[in-house]
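As structure tokens, the structure follows; a few thoughts come after it.
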Amino acid sequence: MKKEVVKEWQLRLYIAGQTPKSITALENIKKYAEEHLKGKYSIEIVDLLKNPQLAEGDQIFAVPTLVRKFPEPIRKIIGDLSNEERVLVGLNIKPLNS
């Protein structure tokens, strides 16, 4: 079976201001995306202090939260994203035990 090639990964990072955890999460996802999805991703940052109503759409209950909007299905990872293995497996960028 042929593996579908994803043209662009659409990621959305929900934060609440410039907290240490939010800053770390953003640095981490940028680093992982550059290493594993180079040129094939976009990251939208949503600051819930500025736009709290946006939390409802993706059912965000904690920050920081990373949401993979595309490819579907939608996946979420909560926290500062410091565990690279967990993030890559969680986003299904890297299969478990590869």
Side-chain angles (χ1 to χ4, degrees):
M1 192 168 149
K2 191 176 151 202
K3 188 178 178 192
E4 189 178 332
V5 177
V6 176
K7 286 188 174 73
E8 182 182 82
W9 292 68
Q10 294 173 3
L11 307 173
R12 183 177 291 163
L13 181 64
Y14 287 90
I15 61 171
Q18 295 296 307
T19 65
K21 261 190 159 178
S22 295
I23 293 166
T24 301
L26 181 57
E27 288 171 353
N28 285 332
I29 194 55
K30 281 182 176 176
K31 184 177 81 174
Y32 306 153
E34 271 304 299
E35 285 176 21
H36 301 279
L37 303 172
K38 195 160 183 64
K40 298 189 298 186
Y41 71 94
S42 64
I43 302 172
E44 178 186 0
I45 287 69
V46 178
D47 188 338
L48 296 178
L49 292 182
K50 296 175 185 167
N51 298 299
Q53 71 281 6
L54 296 177
E56 204 174 301
D58 281 322
Q59 297 178 323
I60 303 303
F61 301 109
V63 287
T65 296
L66 180 67
V67 178
R68 184 185 81 182
K69 302 293 283 180
F70 188 84
E72 292 186 323
I74 290 173
R75 290 174 174 251
K76 296 178 192 168
I77 300 172
I78 297 169
D80 67 6
L81 312 177
S82 58
N83 183 331
E84 182 174 3
E85 183 80 12
R86 200 180 120 223
V87 172
L88 297 179
V89 171
L91 291 176
N92 205 22
I93 293 170
K94 177 180 175 184
L96 202 52
N97 300 325
S98 69

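The analysis underlying the following values was restricted to heavy atoms, covering all of them including side chains, and did not include hydrogens, waters or symmetry mates. Along the sequence shown, the residues carry numbers beginning at 1.
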Just wondering, more than 12 heavy atoms not from [X] lying within 6.0 Å of its [atom1]?
X: Gln53; atom1: CD; answer: yes
X: Arg86; atom1: CZ; answer: no
X: Lys21; atom1: NZ; answer: no

Closest approach of [X] and [Y], non-hydrogen atoms and distance?
X: Leu37; Y: Trp9; value: CD2-NE1, 3.4 Å
X: Gly79; Y: Ala25; value: O-CB, 3.9 Å
X: Ala16; Y: Val63; value: CB-CG2, 3.7 Å
X: Asp47; Y: Leu49; value: OD1-N, 2.9 Å
X: Val87; Y: Ile77; value: O-CD1, 3.6 Å

Any non-hydrogen side-chain atom of [X] less than 4.5 Å from a side-chain atom of [Y]?
X: Leu66; Y: Leu13; value: yes
X: Glu84; Y: Asn28; value: no
X: Pro64; Y: Leu81; value: no
X: Leu11; Y: Ile29; value: yes

Is there a continuous path of hydrophobic side-chain contacts, each under 4.5 Å between heavy atoms, that joins [X] to [Y]?
X: Tyr41; Y: Ile93; answer: yes
X: Ile74; Y: Val89; answer: no
X: Ile43; Y: Leu54; answer: no
X: Tyr14; Y: Tyr32; answer: no

**Message:** Checking Ile15 against Leu26 for the side-chain contact (heavy atoms from CB on, under 4.5 Å) test, could you report, in this order, the C-alpha distance in whole Å, the side-chain angles of both residues, the deciding distance, and whether it holds?
**Reply:** CA-CA 9 Å; Ile15 61 171; Leu26 181 57; 5.9 Å; no
Quick check against the 3.5 Å criterion: does [X] have a side-chain atom that pairs as donor or acceptor with the backbone of [Y]?
X: Asp58; Y: Ile60; answer: no
X: Arg68; Y: Arg75; answer: no
X: Arg12; Y: Thr65; answer: no

**Asked** NE2 of His36 to NZ of Lys31: how many Å apart, nearest 0.5 Å?
**Response** 9.0 Å
**Message:** Rounded at 0.5 Å granularity, tell me how far NZ in Lys30 sits from CD in Glu35.
**Reply:** 14.5 Å
**Item:** For Glu56, side chain to side chain contact (heavy atoms under 4.5 Å, CB included) partners two or more places apart
**Value:** none
